[in-house]
Every structure is written in C-alpha cells, then in structure tokens.
Colleague: 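Pasting a structure below so you can have a look.
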There are 2 protein chains.
Amino acid sequence: MATGTRRERERAQREEMIVRTARELAEAEGWDAVTTRRLAAEIEYSQPVLYSHFTGKAAIMTAVATQGFEELAQLLRTARSAARDAGGVRAALAAVARAYTDFAQERPALYDAMFTHAVELRFADPEGPDVLRAGFGELLQAVEPLAGGDDPGVLTETFWAGLHGLATLERSGRLPGSLHDRRLELLVGRFAPADG
Amino acid sequence: MATGTRRERERAQREEMIVRTARELAEAEGWDAVTTRRLAAEIEYSQPVLYSHFTGKAAIMTAVATQGFEELAQLLRTARSAARDAGGVRAALAAVARAYTDFAQERPALYDAMFTHAVELRFADPEGPDVLRAGFGELLQAVEPLAGGDDPGVLTETFWAGLHGLATLERSGRLPGSLHDRRLELLVGRFAPADG
DNA sequence: ACAGGATTCCTAGCGGTGCTAGCATGTGAG
DNA sequence: CTCACATGCTAGCACCGCTAGGAATCCTGT
C-alpha cells in the first residue's frame with residue numbers, strides 16, 4: 001500500500017513532465033515540432049507511455065491549454081484589480097484588454113492550444129470545467145459596468161471576439177503588429193466611451 | 001504551335017480542376033480530408049501531377065483561398081451598395097458585417113484557407129495582390145463615414161478583428177451560435193452609434 | 001515517313017506522422 | 001519462492017507530403 005502511493009506519485013510526476021515538456025517544446029518550436037516521438041524522447045520514455053497517460057496527442061494539447069486558461073485568468077484578475085484601484089472602469093477594461101493581447105503575443109503556442117486547436121474542451125457548457133469560465137468571468141466583470149442597457153454577457157462575448165480577432169490576425173501577419181496599441185485603444189474606446 | 005495552345009489550355013483546365021476539387025473536398029469534409037493522394041485520385045491523375053502545377057499542398061490551399069478573397073469581396077460590395085441605397089451609413093455597416101459573418105459560417109473551409117491556413121499570402125504588403133485588399137477596401141468604405149476623428153484604416157482593422165473573432169469563436173464552438181445576431185448587432189452598434 | 005529528343009506522367013519509394021499489438025521485464029502478494 | 005499482474009519496450013500499421021527515375025507519348029527536323 002505504501003509503495004502503491006509512491007508509484008501513483010511517480011506516475012503523476014511523469015504525467016506532469018509530459019505536459020510541461022509538450023508546452024516547452026511548443027513554445028520553443030511551435031506545435032508542429034511536438035510529435036509523439038520527439039516528446040517521448042524528451043521525457044526519456046517510449047512512445048506508448050504517452051498513451052497510458054493520455055488518449056492521444058490532442059489530449060496532451062488539451063492539458064497544456066488548460067494550464068493556459070488558468071494562467072490567463074490569473075493575469076486578467078491581476079490586471080483588473082490593479083487598474084480598478086488606480087483608475088476607473090475604463091482603465092480596468094483597458095488593463096484586461098492589454099493583458100489579454102499581451103498573453104496572446106507572448107505565449108503564442110499556449111494561445112493556439114487554447115483557441116485554435118483542442119476543440120474537445122466544451123466552452124458554452126455550464127457544466128464545463130470552471131477554468132474555462134474564470135477568464136471569461138474576469139472579462140465580464142470589466143465589461144459589466146459599461147453595459148448600459150445591453151446584456152453584459154453577450155456584450156462581453158463581443159468584446160472578447162474583438163480581442164481574439166486582434167490577437168489572431170496580428171499573430172498570423174494579417175495585420176501589422178506595429179499598430180497594435182492604436183487598435184487596442186480604439187477597441188477599448190468603442191466599449192468604454194468616455195471617463196477615466 | 002496550334003497544338004501547343006491546345007496543350008496549354010488543357011493544362012490550365014486541369015489546374016482549375018485541381019483547385020475546384022480541393023475546394024469541394026474541403027467544403028464537404030474539411031481540409032484534413034484533402035490529402036494529395038485523395039486529390040490525385042479525384043482528378044484521376046497520379047500524385048506527382050499535382051506538383052507540376054503547384055509547389056505543394058500549401059500552394060493549392062492558397063489558390064483556393066484566393067478564390068475565397070474574390071468571392072468575399074464581391075459579397076461585401078453587393079451588400080454595401082444595396083444597403084447604402086436603402087439605408088444610411090449604419091445600415092451599410094450592418095450589411096457588410098452580416099455578409100462577412102454569413103460568408104464565414106456558410107463556407108467555413110474557404111474561410112479557414114483564407115484566415116487560419118495559407119500564411120504565404122502577404123497581407124500588409126502594399127505590393128501584395130489586389131484581391132487581398134479588395135475585401136478590406138469594402139470594409140473601409142463602410143467604416144470610413146463613421147470614423148470621426150479616428151484613423152479610418154486602423155479603425156477598419158479593429159472592426160474587422162471583431163468580425164473575425166466572432167466568426168472563428170462561433171465556428172469552433174467557443175461561443176454558441178444562437179446568439180450570433182445579438183453579438184453582431186452589439187458590435188455594429190459600438191462602431192455606428194446612432195442614426196439609421 | 002521516320003528517327004531522335006523533349007515532354008508528360010506513372011510506379012515506387014523516402015522519411016515522417018499518430019497510434020497500437022504483442023512480448024519481455026520487473027514488481028508485489030500469497 | 002512462485003506466480004500473476006502491471007509496466008514499458010520493440011516493432012509495426014496505415015497514413016501523410018513529397019520526389020527520384022524510368023516508361024510512354026508527343027512534337028520536331030530531316
């Protein structure tokens with residue numbers, strides 16, 4: 001029994017190493033470089049070991065994406081609370097918007113795993129994992145004071161779409177990144193008309 | 001010489017068939033189903049024939065994407081001119097926004113080729129193909145009257161990002177499609193505040 | 001009309017992918 | 001100490017994008 005817990009612990013550590021290695025590899029060389037063979041070599045085990053932890057490569061990417069959602073939510077919370085103390089509702093919205101696009105730009109592989117791959121995560125489902133809704137909740141709290149007569153949830157979704165569009169179009173080179181700040185300012189301005 | 005032109009014509013027809021087949025296959029079963037073997041079988045030639053027309057699969061996807069840009073530009077032009085005659089600048093913006101997201105929803109494979117794959121097309125380059133700027137030009141003309149003191153180009157980019165974000169997040173299931181109309185209305189409302 | 005050269009197109013294969021069957025090896029219980 | 005079980009390996013499957021090399025076909029110059 002005592003040895004049983006040790007093996008469980010070692011197994012959990014190995015699983016954590018798989019996810020961490022996949023993430024590091026993706027952030028360093030992109031998801032195309034994350035192959036099951038390469039990943040197995042990095043953790044110094046054979047390929048089939050991966051499949052004793054995850055159902056497949058997609059599940060590994062989902063695990064990485066889940067980490068991303070946790071970190072993004074944390075970043076948004078920090079940004080919003082800091083700006084709320086310093087400025088008004090507009091500053092809070094600008095702060096979360098900035099934090100969001102910074103996250104997307106600085107961790108592109110993580111953002112890809114969260115929002116362009118790994119569709120198996122259920123988003124709109126109220127029964128879905130909390131981690132998926134935490135980040136949205138931060139956006140919601142920043143948008144809500146500015147909703148006026150509009151539905152805060154739907155308005156937040158729309159604002160989020162704006163951020164996501166900026167992040168993806170700039171990342172892929174469809175929009176030149178040099179004007180990012182101005183676009184962000186315009187987007188925030190359209191959702192938070194006046195004050196500070 | 002006469003036979004030479006015939007062979008050129010036949011070759012052009014075959015190239016067109018490759019692009020058309022790739023597009024049909026992608027629209028029917030997604031881009032994952034478009035393999036070079038499958039594509040070669042559909043056009044009843046061997047695999048290497050594809051490489052005598054295109055440098056690789058990515059080039060074929062780029063050709064499909066180019067068709068998509070032409071069609072999207074045409075749709076936006078039609079929508080804008082129709083709405084401009086009937087309503088005001090707000091109606092024109094709403095019309096192009098509707099046309100854009102309809103296109104993305106009805107031709108997801110085409111939209112993917114244009115905006116999530118095929119990065120070899122140069123977007124921000126002023127020397128780039130006209131077809132890439134035609135669609136943006138339609139958006140620009142719809143946004144421009146509403147710019148106020150803001151830069152119309154940057155504002156259009158921001159509005160485009162909103163449309164792109166809605167299209168991609170709804171398509172991947174990150175946002176439930178049932179609320180699409182309300183989101184679109186909110187987005188348009190934030191860029192075209194009042195009048196009709 | 002016909003030989004020769006260029007062009008066209010196919011078969012076969014390379015190195016890679018995600019994934020899995022089947023067999024050793026090592027572990028813990030009776 | 002034996003034996004069943006769990007663990008992790010080797011080897012391989014079917015598929016991917018892509019290409020080398022040879023056969024067949026077509027056009028041209030004499």
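Just so it is clear, the model here is predicted, and its values are computed rather than measured. So you know, we letter chains A, B, ... as the sequences are listed, proteins then strands, and number each from 1.
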Colleague: Would you say Arg14(A) reaches dG8(D)'s phosphate, i.e. side-chain N/O to OP1/OP2 under 4.0 Å?
Modeller: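 Answer yes for this pair, as a side-chain N or O of Arg14(A) is under 4.0 Å from OP1 or OP2.
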
Colleague: So does Arg23(A) pair up with Glu27(A), basic N to acidic O under 4.0 Å?
Modeller: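 Yes, charged N to carboxylate O under 4.0 Å.
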
Colleague: May I have the distance from Ile18(A) (atom CD1) to dG18(C) (atom P), rounded to whole angstrom?
Modeller: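 In whole Å, dG18(C) P lies 14 Å from Ile18(A) CD1.
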
Colleague: How many whole angstroms separate atom CD of Glu44(B) from atom P of dT8(C)?
Modeller: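 Atom CD in Glu44(B) sits about 20 Å away from atom P in dT8(C).
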
Colleague: For nucleotides 14-18 of chain D, tabulate all protein N/O to nucleotide N/O atom pairs closer than 3.5 Å, reporting atom names and distance.
Modeller:
{"residue": "dC16(D)", "atom": "OP1", "partner": "Thr35(B)", "partner atom": "OG1", "Å": "3.2"}
{"residue": "dC16(D)", "atom": "N4", "partner": "Arg37(B)", "partner atom": "NH2", "Å": "3.4"}
{"residue": "dG17(D)", "atom": "OP1", "partner": "Lys57(B)", "partner atom": "NZ", "Å": "3.2"}
{"residue": "dG17(D)", "atom": "OP2", "partner": "Thr36(B)", "partner atom": "N", "Å": "2.8"}
{"residue": "dG17(D)", "atom": "OP2", "partner": "Thr36(B)", "partner atom": "OG1", "Å": "3.0"}
{"residue": "dG17(D)", "atom": "N7", "partner": "Arg37(B)", "partner atom": "NH1", "Å": "2.9"}
{"residue": "dG17(D)", "atom": "O6", "partner": "Arg37(B)", "partner atom": "NH2", "Å": "2.9"}
{"residue": "dC18(D)", "atom": "OP2", "partner": "Tyr51(B)", "partner atom": "OH", "Å": "3.0"}
{"residue": "dC18(D)", "atom": "OP2", "partner": "Lys57(B)", "partner atom": "N", "Å": "2.7"}
{"residue": "dC18(D)", "atom": "O5'", "partner": "Tyr51(B)", "partner atom": "OH", "Å": "3.4"}
{"residue": "dC18(D)", "atom": "N4", "partner": "Gln47(B)", "partner atom": "OE1", "Å": "2.7"}
{"residue": "dC18(D)", "atom": "N4", "partner": "Gln47(B)", "partner atom": "NE2", "Å": "3.0"}

Colleague: Using the test salt bridge (charged side-chain N to carboxylate O under 4.0 Å, His left out), find all partners of Glu70(A) that sit at least two apart in sequence or belong to another chain.
Modeller: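 Expected list: none.
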
Colleague: Please state how far atom CD in Glu10(B) lies from atom P in dT25(D), giving the value in whole angstrom units.
Modeller: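 Atom-to-atom, Glu10(B) to dT25(D), this comes out as 16 Å.
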
Colleague: Mind checking side-chain hydrogen bond (donor to acceptor under 3.5 Å, both in side chains) for Glu29(A) and listing every partner two or more places apart, or none if nothing turns up?
Modeller: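 Scan of Glu29(A) (side-chain hydrogen bond (donor to acceptor under 3.5 Å, both in side chains), adjacent residues dropped) gives Arg38(A).
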
Colleague: Rounded to whole angstrom units, what separation is found between the CG atom of Leu50(A) and the P atom of dG18(C)?
Modeller: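 Going from CG in Leu50(A) over to P in dG18(C) covers 10 Å.
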
Colleague: Give the nucleotide from the list dC9(C), dT19(D), dC9(D) with an atom nearest to the side chain of Tyr45(B).
Modeller: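 When the side chain of Tyr45(B) is considered, dC9(C) is the closest of dC9(C), dT19(D), dC9(D).
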
Colleague: Output all residues satisfying ring pair (Phe, Tyr, Trp, His ring centres under 6.0 Å) with Phe54(B), sequence neighbours left out; order by chain, then residue number.
Modeller: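 Partners of Phe54(B) under the ring pair (Phe, Tyr, Trp, His ring centres under 6.0 Å) test: none.
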
Colleague: Can you check the Phe54(B) CZ to dT19(D) P distance for me, whole Å?
Modeller: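 It works out to 15 Å between those atoms.
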
Colleague: Given atom CD1 of Ile43(B) and atom P of dC9(C), what is their separation to the nearest angstrom?
Modeller: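 From Ile43(B) CD1 to dC9(C) P: 10 Å.
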
Colleague: Can you name the residues that form a side-chain hydrogen bond (donor to acceptor under 3.5 Å, both in side chains) with Glu138(B), not counting sequence neighbours?
Modeller: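 side-chain hydrogen bond (donor to acceptor under 3.5 Å, both in side chains) check on Glu138(B) returns Arg77(B), Arg80(B).
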
Colleague: Return a table of donor-acceptor pairs under 3.5 angstrom between the side chains of residues 142-153 of chain A and protein atoms on other chains or two or more places apart.
Modeller:
{"residue": "Asp150(A)", "atom": "OD2", "partner": "Arg190(B)", "partner atom": "NH2", "Å": "2.9"}
{"residue": "Asp151(A)", "atom": "OD1", "partner": "Gly153(A)", "partner atom": "N", "Å": "2.8"}
{"residue": "Asp151(A)", "atom": "OD1", "partner": "Val154(A)", "partner atom": "N", "Å": "2.9"}

